[in-house]
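What follows is a single structure, written as structure tokens, with notes after it.
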Amino acid sequence: MAEWQQTACILCSINCGIEVQTEAGHITKVRGDKAHPASEGYACEKPHQLDYYQNGRDRLSSPLRRRADGSYEEIDWDTAISEIAARFVALRGEHGGESILYYGGGGQGNHLCGGYGRATRAAIGSVYASNALAQEKTGEFWVDGQLFGRARCHTTGDFENAEVAVFLGKNPWFSHGFPRARVVLKEIAKDPNRSLIVIDPRRTETAAMADYHLQVRPGTDAFCLSALLAITLEENLVDQDFVRDHTNGLGEVAEILRNVPIAEYSARCDVPEELLRTVARRIAQSSSTSIFEDLGIQQAPHSTLNSYLEKLLYLITGNFAKEGAMNIHSRFASLGGGRSPGVEPTSPVGGHRIITGLIPCNVIPDEILTDHPKRFRAALIESANPVHSLADSQRMREAFEALDFVVVIDVAMTETARCADYVLPASSQYEKWEATFFTLEFPKNDFQLRAPIFDPLPGTLPEPEIHSRLIHAIGALQEEDLAPLHAAAKQGRAAYAAAFFAALSEKPHLKPLASVVLYDTLGPTLPRRAGEAAAVWALAHTCAMEYPDSLRRAGFEGEGLDLGEALFDALLERPSGVIFTVDDYDETWRRVLTPDRRINLVVEPLLEEFRSLRGERTQAANPEFPFVLCAGERRSFTANTIFRDPGWRRKDANGALRLNPDDAARLGITAGGEAMITTRRASLRTSVEISDTLRPGHATLPNGLGLAYPTEDGGQQTRGVAPNELTASEDRDWFAGTPWHKYVPARIEAA
Ligand code: SF4
């Protein structure tokens, strides 16, 4: 019988541990890995289809160079690397490295490429970066920074133990977001002493299980949250002890809340006032409440304000730094873009706010399609498909086509790769050592370093090797830099550690190149041909230095460098992953990084928006675009776009538009029929599913559809609607620049 091998599911940010059997290069069987410390054998239906990723018909197996006529020719690796290095060096000389944008650096199961990509960025002088977080979470990160002192002070809910669980613009039944989501949801739903609260315009699968569903009018979350906060204040539900002992500024916030017209806001969000009052009381009177805010409010009007209001709700009710509530978690490493010394925290052309090192995704075309001298002129895009996944695909395509030079590193010929001058084929996420840095759990946080289960597809290279070759071709690393480290690595990791840290302090130019230095020198000496994991060694040490007590509670022993070595050894030896930190609830207070260790409730730049909600005019129905479209709903058979073969979808192959029955009847659309959906950007044909889970006037399209995929006879097929063909880049949050994918004005007609 075939052996079961431990690896991870790469289809959402939870990265459940799975075990797989393989045969002749195929993944033939999949099951949850009971030894994984967080998922404990849990897996949803999606990883059973992983072979559609591993053996996609559009896998790349040779570097490609674009010809003048737009077609591609295969070239060898040496030619590709030397030509790309020369072009980047020339661009750096002519326009400065800041003219080269770096986008991506990993999907939902491969983040090591981002670490190695940082070295290439440094070598070519690229200082500006972006990735998908800048169309999802940057507003929330910024608010965390204001409240708790640093954007890195990210909070997470303790849903396993919460008496009350609130999901705000989040359907964890399908989008998960915390380990064993469906098991935990069922446990809460069946326990009469616990409550499940969902705030969502659609009666989602999670909402259908909930004790309380606040079916808000799309785009009015800020009114709903303001009303909940105002009721909490009005009914004396504020946790006065918590607020007095741990926070500053409630007085200023309370002044705004006292002016909130609760009945009017309840009408605006279309949630009965009595239901709002019941929910506010349930949260405030619980022993613990955890809240998960997600894309439903983060990609909708007032998105940064929404994050602020959500956090105010759990803070003024004292649901922080205790079991079952919100806590600040440890992290194995940062997922942001990193801060480049000397770079203004705004984008070079439009002056848009850069948060956690990331330029807002929606403004990327504006930073290219201009004659401004500081415009981006080139891009290095890695493991990401911005032409498909970011707002306004048409404009994004136009922008990438307008660049002087584009390089894409990916496993498949994506929509973005089709805009590239060179496409470099990466080995798949199951053909190299990989890891994910979504380490968001509390009080136990886990990390899994996973070994390859296949040899690399011939012609492909793992990203660490690609970046190493690029850096050497650029001439950023010299043999004399590496020789002492090669020698030290032969003597063992203790000698290597001493030599490595000494080298970084003596030769500062090596610091930004550290990941590739590690790959080149430590990598060849690691057991099990784990060279690609070399950068994780340094991260294990950084993690041990940052959280020594939490590591010891997790069972790691040693002082100084020995502690980091113990963690790294465990990562190499335990294929199902490790718990790397165990925290007590007081640890959350030690992670509040404001100067006085108290939480700032006043987030000045958002107060004006908060106040002015009251005067905001209700949007009159727009006869041209009377519907609100949610462009990108997570469903049973949607995932990230690494699944390009539409064959993986067992149900709803074309990803139907969901429509309320009354709307469908009025428009003359029948179940299984077709409709035209029109926005300011495009008009596209789609199949229709009629569903009473939607409010009238609301429609949803799934994410991940509309990808071009080769047919068996050499043609191309595209199934379903690519949501971002319909979205507009100017529809975004005024503050963080996050898009309004969940609030797209649209018109729907029978086709
Ligand atoms: S899709 Fe997410 S929840 Fe489902 S098995 Fe994969 S990682 Fe786990």
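Atoms within a ligand are numbered from 1 in the order they appear, just like the ligands themselves. All of these numbers come straight from a predicted model, not from anything done at the bench.
Two rings, from Phe643 and Phe637, have their centers 6.0 Å or more apart. Between Phe556 and Phe580, the distance separating the two ring centers is not shorter than 6.0 angstrom.
When each of Asn724, Thr638, Asn640 is checked for a side-chain hydrogen bond (donor to acceptor under 3.5 Å, both in side chains) with Asn703, only Thr638 meets the rule.
A salt bridge is absent between Arg194 and Asp211; no separation between the charged side-chain nitrogens and carboxylate oxygens falls under 4.0 Å.
Around atom 6 (Fe) of ligand 1, protein atoms of type N, O or S found under 2.8 Å number 1.
Between the side chains of Gln54 and Ser428, at least one donor N or O sits under 3.5 Å from an acceptor N or O.
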Candidate pair Arg180 and Glu160, rule salt bridge (charged side-chain N to carboxylate O under 4.0 Å, His left out), full reasoning: CA-CA 9 Å; Arg180 303 166 54 252; Glu160 292 253 5; 2.6 Å; yes
